[in-house]
Amino acid sequence: MKLPLNVNLKDKVTVITGAGGVLCSAFAEALAQCGAKVAVLDINAEAAQKVADRITEKGDTAIAVPVNCLDAESLKAAHAIVAEKLGPCDILINGAGGNNPRGTTDDEQFDAAVEGIKTFFDLDPAGVRFVFDLNVIAALMTTQVFARDMIGRSGNILNISSMNAFRPLTKIPAYSGAKAAVSNFTQWLATYLAKSGIRVNAIAPGFFVTNQNRALLFTEDGKPTARTGKILAATPMNRFGEADELLGAFLFLLDDGAASFITGVVLPVDGGFSAYSGV
Ligand SMILES: NC(=O)c1ccc[n+]([C@@H]2O[C@H](COP(=O)([O-])OP(=O)(O)OC[C@H]3O[C@@H](n4cnc5c(N)ncnc54)[C@H](OP(=O)(O)O)[C@@H]3O)[C@@H](O)[C@H]2O)c1
């Protein structure tokens, strides 16, 4: 793959969670291409192994490590494997995350005349809590375990926020709130760790078609949904992003040369979505 930036990450031990998924598998491959030793962490062991295999087949370094980022013992076990096989963590990418139907309403605006659908009033708080846990608490717990390795050395943490952190999207109050918390946590942690030589930033992807949102964007027979029409109309570039278009922002923020004085930023990569007022 041709990378948009040449960043030297030679032998940097890089832990990336959710790396069996669409976006973070592309990140993992790019990191390996930059010379990093990549620990591919995911709850889906098979998906993680496939990504690690793709990397090692090219002659780069990667290991697959199964983990549940919401389970402290699982995180500790993953940390022990990474420490033994690759060494202390230099770079942490908190990629595990996503939405869940239990945190999603059927309607965009409440209409008392419409019955038989899931409205805000029917949302299961446990489902909403799951989405907050998966996006916020998982990033916090993973950072507690892996960023300790960076203390007294240096380090780099990158979180994956989202467009809906800036302004909530309809139907997904849990995911919007959770990603707003991820952006806020990024700023908080950047401040907290700044004197320790650890930079903390985030990227905020706009709309990329992946497993977690496919059902919202396309019907079962592959036709764009009404929501897809609205998204494209609200995106000045009038298209979805491709996963590799995140790589420039991603690699730039990890580059201790080019981004040496940058910490606590949330960088949108969204085809102009966050800039456009709709008029
Ligand atoms: N796609 C977009 O348009 C978009 C936009 C903005 C932000 N993002 C964010 O980008 C990140 C990557 O998402 P993606 O779109 O690439 O989604 P994805 O393809 O669903 O990948 C997420 C991966 O995380 C794994 N995972 C789920 N729960 C986990 C846990 N507790 N511990 C460890 N791994 C876990 C998933 O495994 P299972 O599949 O087995 O659950 C999956 O392999 C997420 O934080 C997402 O919120 C995506």
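Remember, it's a predicted structure, so these values are computed and weren't measured experimentally. Whatever order the structure lists ligands and atoms in, that order sets their numbers, starting from 1.
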For ligand 1, is there an N or O atom under 3.5 Å from any N or O atom of F207? no
May I ask whether G241 has any heavy atom positioned less than 4.0 angstrom from an atom of ligand 1? no
Of the choices G21, G206, G95, C24, which has the non-hydrogen atom that lies closest to atom 45 (O) of ligand 1? G95
If you measure every N or O of F208 against every N or O of ligand 1, does any of those distances drop under 3.5 Å? yes
Give me the ring orientation class for F27 and F250: parallel if the planes are under 30° apart, tilted from 30 to 60°, perpendicular past 60°. parallel
Residues in side-chain hydrogen bond (donor to acceptor under 3.5 Å, both in side chains) contact with T170, at least two apart in sequence or another chain: R227
Heavy atoms only: which of A45, G20, S161 lies closest to atom 7 (C) of ligand 1? S161
Whether K179 lies under 4.0 Å from ligand 1, heavy atom: yes
Output yes when the distance from some N or O of ligand 1 to some N or O of L134 is under 3.5 Å, and no in every other case. no
Nearest option to atom 35 (C) of ligand 1, as decided by whichever heavy atom of I43, L23, I203 sits closest: I43
So which atom in G95 and which in I160 form the shortest heavy-atom distance, rounded to 0.1 Å? CA-CG1, 3.8 Å
Where is the tightest heavy-atom contact between R167 and Y276, given as atom of each residue plus distance? NH2-O, 3.8 Å
Only one of T186, I203, N201 passes side-chain contact (heavy atoms from CB on, under 4.5 Å) with N159, and that residue is T186
Min heavy-atom dist T17 to ligand 1 below 4.0 Å: no
